[in-house]
Amino acid sequence: MDAGLAAVLGALAGAVATTAAALATGWSAREQAKITARGEHRRQRRDARQAVYEEFITTAAAQERHAALFFLAPVPTDQETFDLALRGSGNTDAEALWQESHRLWTELLKLSTRVKLAGPRMMSEAATAVCECSHHVVDSLMTVDNGLIGGEPISARFEEGRERWMKLDDAVDEFIEKARLALDDDGTY
C-alpha cells in the first residue's frame with residue numbers, strides 16, 4: 001500500500017471516529033435533556049399535588065375538629081344535656097352546628113374534584129372515602145337533636161354520630177398516609 005492511500009484511509013478513519021463521537025455526544029446530551037425535563041415535570045406535578053392534598057386535608061381536619069368538639073362531650077340523655085354539649089362545642093344551637101359541618105362538607109366535595117384530577121387513582125379513592133364519611137357526620141349532626149327527628153333517643157343518635165365522626169377521623173388519617181405515598185413516588189417503579 002502506498003503512503004498516499006494510507007494517508008487517505010487514516011484521514012477517513014479519523015473523520016468516521018470524529019463523526020461517531022459527535023453523534024454519541026449529541027445523543028447523550030439529548031437523553032440528558034429528556035431526563036432533566038421529565039424530572040422537572042415530576043417536580044412540578046408533585047408540587048401541585050401537594051398543594052391540593054394539603055388544602056383537602058386542612059378542610060377535612062377542620063370538619064373533624066368541628067364535629068369532635070360536639071361528639072367528645074358526655075353522651076346527652078335529654079334536651080338539657082344536649083344543650084350543654086352544644087354550648088361546649090361553641091355552638092348556640094343545633095342548626096349552627098349542622099350549618100358549619102355542611103359548609104365544610106361542601107368544600108370537601110369541591111376539593112375532592114381537584115384531588116381526583118391531580119391523581120393518582122388511590123388518592124381519588126381516598127378522597128371519596130373522606131367525603132362519604134364527612135357526609136355521614138353531617139347527617140348525624142342534622143338528626144342528633146331530639147327536635148329534628150323523633151323515636152330514637154338522643155343518646156342513641158349521639159352514639160351513632162360519634163362512631164361516624166371516628167370513621168371520618170380514620171378516613172382522614174388514611175388519606176394522609178396515601179398522600180405521603182403518592183408524593184414519595186418518584187416514578188421509578
Side-chain angles (χ1 to χ4, degrees), residues 41-77 81-82 84-91 93-145 148-149 152-189:
H41 174 74
R42 284 188 191 281
R43 186 194 61 75
Q44 289 175 357
R45 185 162 174 120
R46 182 189 182 285
D47 291 350
R49 281 180 174 173
Q50 183 172 345
V52 73
Y53 295 169
E54 285 176 0
E55 194 172 351
F56 186 86
I57 290 166
T58 299
T59 304
Q63 186 184 30
E64 189 273 331
R65 279 189 311 277
H66 178 71
L69 290 173
F70 179 68
F71 287 121
L72 288 177
V75 176
T77 55
T81 55
F82 177 80
L84 281 172
L86 271 175
R87 284 193 299 278
S89 70
N91 293 281
D93 58 29
E95 181 70 18
L97 178 68
W98 178 82
Q99 286 290 339
E100 179 60 10
S101 188
H102 186 269
R103 184 192 70 75
L104 290 165
W105 171 68
T106 303
E107 185 64 25
L108 273 179
L109 287 177
K110 292 175 189 173
L111 289 169
S112 73
T113 300
R114 291 178 50 207
V115 168
K116 290 173 184 179
L117 289 173
R121 180 178 303 257
M122 73 174 174
M123 294 311 301
S124 175
E125 293 165 355
T128 297
V130 170
C131 287
E132 287 174 4
C133 290
S134 171
H135 185 258
H136 292 310
V137 167
V138 171
D139 283 349
S140 290
L141 290 172
M142 184 173 66
T143 61
V144 77
D145 183 10
L148 295 176
I149 76 166
E152 208 174 1
I154 291 174
S155 60
R157 292 191 308 260
F158 187 88
E159 286 291 346
E160 180 183 17
R162 183 180 281 173
E163 288 174 22
R164 289 177 168 185
W165 160 70
M166 289 188 305
K167 286 181 182 177
L168 173 61
D169 186 50
D170 291 342
V172 172
D173 289 344
E174 183 71 19
F175 182 91
I176 292 168
E177 185 57 34
K178 287 183 177 182
R180 283 188 191 122
L181 292 172
L183 294 173
D184 284 345
D185 180 9
D186 64 359
T188 58
Y189 41 83

Exercise answer: donor-acceptor pairs, residues 57-75 side-chain atoms, under 3.5 Å, sequence neighbours excluded:
| residue | atom | partner | partner atom | Å |
| --- | --- | --- | --- | --- |
| T58 | OG1 | E54 | O | 2.8 |
| T59 | OG1 | E55 | O | 3.1 |
| Q63 | OE1 | S134 | OG | 2.2 |
| Q63 | NE2 | S101 | O | 3.2 |
| Q63 | NE2 | S101 | OG | 2.9 |
| Q63 | NE2 | S134 | OG | 3.2 |
| E64 | OE2 | W165 | NE1 | 2.9 |
| R65 | NH1 | A61 | O | 3.4 |
| H66 | NE2 | L97 | O | 3.0 |

Nearest heavy atoms of [X] and [Y], plus distance in Å:
X	Y	result
M122	A182	CE-N, 3.5 Å
A179	M123	N-SD, 3.5 Å
L86	A94	CD1-N, 3.4 Å
V52	V115	CG2-N, 4.0 Å

Looking at residues at least two apart in the chain, or sitting in another chain, which of them share a salt bridge (charged side-chain N to carboxylate O under 4.0 Å, His left out) with E163? none
E160: which residues meet the salt bridge (charged side-chain N to carboxylate O under 4.0 Å, His left out) condition with it, sequence neighbours left out? R164
Scan residues 103-125 for pairs that pass ring-ring contact (aromatic ring centres under 6.0 Å, His included), counting only residues two or more places apart or in two chains.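 ring-ring contact (aromatic ring centres under 6.0 Å, His included) check on residues 103-125 returns H102-W105, W105-H135.
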Interatomic spacing from [atom1] in [X] to [atom2] in [Y] - rounded to 0.5 Å:
X	Y	atom1	atom2	value
T113	L117	OG1	CG	7.0 Å
Q99	L141	CD	CG	11.5 Å
L109	C131	CG	SG	5.0 Å
F56	K116	CZ	NZ	8.5 Å
F175	E125	CZ	CD	12.0 Å
T143	F158	OG1	CZ	12.0 Å

Do I154 and T77 have side chains that approach each other closer than 4.5 Å (heavy atoms only, starting at C-beta)? no
Can you tell if the side chain of R49 reaches within under 4.5 Å of the side chain of P120, non-hydrogen atoms only?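 Yes. Closest side-chain heavy atoms under 4.5 Å.
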Inspect the surroundings of NZ in K167 and state if more than 12 heavy atoms from other residues, nucleotides or ligands are less than 6.0 Å away. no
For D93, what residues pass the side-chain contact (heavy atoms from CB on, under 4.5 Å) criterion, not counting sequence neighbours? E95, A96
Kindly state each residue pair satisfying salt bridge (charged side-chain N to carboxylate O under 4.0 Å, His left out) with at least one member in residues 98-112, sequence neighbours excluded. E100-R103
